[in-house]
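Here the structure is laid out as C-alpha cells; the discussion comes afterwards.
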There are 2 protein chains.
Amino acid sequence: METPVFTPDALVKRLTDSGLRPTPQREVVFKVIVEKRDHPTADELFARVKAQMPTISLATVYNCLETLVQCGLVRQVNFERAPTRYCPNLCQHAHFRDEATGELHDIDLPPDMIARLRELLPPGFNATDIELSFRGQAAPGAVPVSHGTN
Amino acid sequence: METPVFTPDALVKRLTDSGLRPTPQREVVFKVIVEKRDHPTADELFARVKAQMPTISLATVYNCLETLVQCGLVRQVNFERAPTRYCPNLCQHAHFRDEATGELHDIDLPPDMIARLRELLPPGFNATDIELSFRGQAAPGAVPVSHGTN
DNA sequence: AGCTTGTTTAGAACTATTCTAATTCTCACT
DNA sequence: AGTGAGAATTAGAATAGTTCTAAACAAGCT
C-alpha cells in the first residue's frame with residue numbers, strides 16, 4: 001500500500017479541474033491535514049490552522065473540508081455520534097477505533113477483500129462506497145498498517 | 001440466517017439478569033421496535049410508542065433504547081451524521097443505505113466473512129465489534145437478505 | 001408505613017454542524 | 001493594470017439530535 005503524495009500543486013489542479021478556486025484557506029487546510037497523518041476533527045484542524053492563519057473562521061474550515069472531500073482529497077470518518085474526523089489517507093482502508101483512547105487507526109484493506117465484500121450485495125444493490133470499522137482494544141504500541149506515520 | 005424471536009419474557013429476563021427493572025416503558029419500546037422490522041430513529045419510535053402510551057416522553061424513549069442496547073437486544077446504526085437508527089435484527093449483518101431514499105437495508109454477513117475481516121487486524125488489535133456499511137443505489141423492489149420482513 | 005434505589009418526565013442545556021447575510025476575494029476580460 | 005461577476009470567507013445566529021437536570025414516581029425491603 002503506497003501513500004500517495006499530494007503536493008500543493010496537485011490540490012490546485014484538483015480544484016481548478018472541478019471549477020473551484022484555489023484559495024489560501026483551502027491550501028492551508030489541506031497542508032495542515034496532510035502534514036500530520038492522524039484523524040483530526042474539524043475543531044482540532046481549526047486550532048492547527050489558526051496557528052498559521054489566525055484570521056480563518058471555523059465555518060471556513062468546514063467549508064474547505066467539504067470541498068476537499070468533494071474533490072476526493074480527504075475522507076470523512078464517522079464513529080457513532082462522535083464528531084466527524086477527517087483523513088487524508090485515500091487508499092481504501094478500514095478504521096479501528098480504540099475504545100480506551102478514542103484514537104483511530106488505519107487498517108489495511110486489500111482490494112480482493114473489497115471485491116469479496118461487494119459480492120455480499122444481492123442483485124440490484126450497487127454500492128458506491130464501502131465502510132468497514134472495528135471497535136475494540138489496541139495493545140499499546142501496536143503498529144497498524146504499513147503506509148507512513150499513523 | 002434465522003430471525004431470533006424475542007418474546008416479552010425474554011426481555012424481562014435480560015433486564016432482570018442485568019439488574020435492571022422491566023418497566024412498562026421498556027416493554028412498550030421493545031415491543032414496538034420488534035414488531036416492525038425496519039430501522040427507525042428515536043423520533044420515529046417515539047411517535048409509534050406514543051400511540052400505545054401517550055404519556056411517554058422522548059427522553060424515556062432514549063433511555064429505554066440505551067438500556068436495550070446495553071442488554072444486547074437492539075443495535076444502533078449510524079450513517080454519517082444522520083440520526084441514529086435502531087435495529088432489532090441481532091444476527092450479525094451489514095447495512096446498505098440507499099442514497100436516494102435514505103432507507104436502510106440489512107445485508108447478510110456470513111460468519112466466515114466476519115472471520116476473514118477479523119484477520120485484517122494486525123496483532124495487538126482486538127475487535128469487540130465490526131461494522132460494515134455500504135452506500136449506493138438500490139434497484140427499486142430489490143429484496144435484500146433472507147430473514148423476515150425488512 | 002417509611003426507606004432506598006432505580007426510573008420517568010419535562011424542559012433546559014449542549015454541541016457539532018449548517019445557514020445567513022454581509023464583506024472580500026479571484027479571475028476572466030477588457 | 002482596472003473592472004465586474006461570481007465564488008469564497010466571515011461572524012454570528014440557527015438548527016437538530018441527543019444528553020443532562022432536578023423533581024416526581026414506583027417498587028421492593030424492613
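A note on names: the letters A, B, ... follow the listed sequences, proteins ahead of strands, and every chain is numbered from 1.
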With the side chain of A:T23 defined as its heavy atoms from C-beta on, choose the nearest nucleotide among D:dA8, D:dG12, D:dT19. D:dA8
Nearest-nucleotide pick for A:Q25, side chain only, options being D:dC20, D:dT18, D:dT9: D:dT9
Taken to the nearest whole Å, CZ/A:F46 to P/D:dT9 is 14 Å
Please give, in whole Å, the distance from D:dT9 P to A:R21 CZ? 10 Å
Decide, yes or no, whether a salt bridge links A:E35 with A:R48 under the criterion of side-chain N to carboxylate O below 4.0 Å. no
Sugar-phosphate, base or nothing in reach of A:T41, heavy atoms under 4.0 Å: nothing
Output the rounded distance in Å from CG (B:L58) to P (D:dT21). 17 Å
Between atom CD in A:E66 and atom C1' in D:dA7, what is the gap in whole Å? 14 Å
Using a cut-off of 4.0 Å on non-hydrogen atoms, how would the nucleic acid contact of A:P24 be classed: base, sugar-phosphate, or nothing? sugar-phosphate
Please find the earliest and latest nucleotides of DNA chain C, in the 5' to 3' direction, that have an atom within less than 4.0 Å of any heavy atom of chain B. C:dT5 to C:dT17
Hey, is the side chain of A:S57 poking within less than 4.0 Å of OP1 or OP2 on D:dT9, counting only N and O atoms? no
A:Y62 atom OH is separated from D:dT15 atom P, nearest whole Å, by 18 Å
Taking the side chain as every heavy atom from C-beta outward, state whether B:Y86 and B:V77 have any atom pair closer than 4.5 Å. no
Any side-chain heavy atom of B:V74 sitting closer than 4.5 Å to one from B:C87? no
For A:P83 and for A:A59, locate the closest nucleotide of DNA chain C by heavy-atom distance; then report the residue assigned to the nucleotide nearer the 5' terminus. A:P83
For the pair made of CD in A:E80 and C1' in D:dT18, what is the distance, rounded to whole Å? 14 Å
Tell me: CZ of B:R26 to P of D:dA26, nearest whole Å? 15 Å
Rounded distance (Å) that lies between atom P of D:dC25 and atom CG of B:N63: 18 Å
Return yes if a side-chain donor-acceptor contact under 3.5 Å exists between A:R81 and B:T84, otherwise no. yes
Does the ring center of A:H105 lie less than 6.0 Å from the ring center of B:F125? yes
A:E99-A:Q137 side chain donor-acceptor pair, cut-off 3.5 Å: yes
Report yes if the side chains of A:D106 and A:H95 come closer than 4.5 Å at any heavy-atom pair, otherwise no. yes
